[in-house]
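One-based numbering, in listed order, for ligands and for the atoms of each.
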Amino acid sequence: MFLDTLAERCRNQPDKLALQFIGGPPVSYGELAAAVDRSADYLLSLGIEPGDRVAAQLPKCLPFIYFHLAAMRIGAVFLPLNPAYPPSELRYFLSDSGARLLIADAADQMRLDPIMDELPEHQKTVYIHKPQESGVNWLEDRSSIRGRPLPRDPHQTAMMLYTSGTTSRPKGALITHGNLSANIASLHEAWGWRAEDALLHVLPIFHVHGLVVALHGALHAGATAILCPAFDAAQILDLLRSRRFSVFMAVPTMHRRLYQQAGDHRIDLSHMRLMTSGSDRLPDDLFFGYQRTFNMTLLERYGMTETGMNLSNPLHGERRVGSVGMPLPGVSARIVDPETDAALPDGAVGEVQIKGAHVFKRYWRQPEKTAEAFSADGWLRTGDMGLREPDGYFTLKGRAKDLIITGGLNVYPPEVELALMEHPAVAACAVIGCPDEEWGEQVTAVIIPQAGATVDEAAICAFCREQLAAYKAPRRVILADDFPRNALGKVQKAKLREALCG
Ligand code: MLC
């Protein structure tokens, strides 16, 4: 399993550079193992037991990585949280998960203490001072973890990742040690990960993409990950052209920023072994623009929180524009009629369904949502529409579910609509994603005001930002008298998008 492979790397190549933040101290595999052991000792000293949820809301930093690996090491369930979540969202995640521990930035203490005070007593917080400058040397080496076996059961939960729902509050997807291992083994094979690789890591680490695909990918291979705490396009382009790196992974918004940063210059990045794009559709113009400007064909792949990676263009062979490639090793994919789950022939558009050892176990305390997520014969309903070409390549064709993707982050319109309906000037609303060159889609609120109310658009956006993470809040508000509705009275969002997103 992943933790076994990592332990082996740490034993066999203790002096090799494992991690380094730009401008920060180098961390060898030996030092990584020692820091994870210390963090595990600390969690044990707090009484954390197998199965307990350990949440972390931290900036991208070394302690986040250490506690992530340490929590999984002792059989606890690691729950990463986006630092952008405001108190109202955080309260929900902590109370729904029942996390025993929240590891947070001391700079957020004033904001977090009132939330923790509302939660049951056994839910505690540990604050880390200046986490981006700190390792875990402040922790005592108690050696209580030594000799304790690594988790052995592939069905044991390793991580819990919240995904929003189309009709419900966010759901915690339980990812097992077996899921993580299956995913990483499959990517290792498909993308040719090797110990000589140097990954330039620019993604956030509270999501599958940055945490599992990129970071676990590098550590599993015994490679080196150099991490940037934030996305600065000029700095990243300089690093990419320095020839120090072989692997780079990003979302299309990041690739767009790098491409724009290059402007009219041609910058040869063909020394990079692999540059991937995912978490949102890669626009055709960016695929071709990258080829012209950087002499690089991006490898597009398709995944989701519940599964990790499913489909990928090949490392060797044709990387097809607009396509997310073929099933990864160990993954099965099919296209079905979403109403009946009946398989469709090649070329027909239907729902993409997935099967494999990488598919998550279940949602936390939501058995009915888990049941809805799978077909009768055990395939995961992704909610994404697509088709399979006769030669095996898959192409995505929109979504069956009501979902907006902005900058690689998922936003579920019902969640934003609920927030909007709390505003006294709003009589009815519909949230849609309008196409946007930089972000992919832009969250747009269409509002029918209460009779006689004046709607201040900026105030509506600000109101949403108090309740939701900033990336979920509408960037644009459009006033309407009425919505197009179907015979059942349901708002026809596709029509609304067509009419308003021009
Ligand atoms: C930041 N902002 C966003 C946003 N990110 N708005 C909409 N969508 C987003 N994704 C807002 C900020 O709040 C700020 O608002 C304004 O945009 C400008 O901020 P910025 O400094 O320019 O943004 P930045 O911090 O640079 O963030 C942009 C980004 C980031 C692209 C680097 O969004 C990002 O890291 N995206 C990657 C997400 C990711 O890892 N997804 C993987 C999910 S896993 P204001 O108004 O306050 O100024 C998954 C599975 C899979 O999907 O298959 O991979």
Check your understanding: Could you give the distance from CZ (R243) to CZ (R241), rounded to the nearest 0.5 Å?
Key -> 11.5 Å
Point to revise | Positive for side-chain contact (heavy atoms from CB on, under 4.5 Å) with M309, one of I184, V331, L187 | key: L187
**Study point:** Contacts of type side chain to side chain donor-acceptor pair (under 3.5 Å), residue R73, not counting sequence neighbours
**Key:** none
Practice item. Under the ring-ring contact (aromatic ring centres under 6.0 Å, His included) rule, what do Y302 and F394 come out as? Steps first, then yes or no, please. Key: CA-CA 10 Å; Y302 163 70; F394 284 70; 8.9 Å; no
Study note, to complete from the structure: Output for ligand 1, non-hydrogen cut-off under 4.0 Å, lists L203, P204, H207, H209, F231, V251, T253, M254, R257, S279, R301, G303, M304, M309, T406, G407, G408, L409, W439, R465, A470, Y471, R475
Exercise for review: Please list, chain by chain and in numerical order, all residues satisfying disulfide bond (SG atoms under 2.5 Å apart) with C61, sequence neighbours excluded.
Suggested key: none
**Study point:** Non-neighbouring partners of Y259 that pass ring pair (Phe, Tyr, Trp, His ring centres under 6.0 Å), sequence neighbours left out
**Key:** none
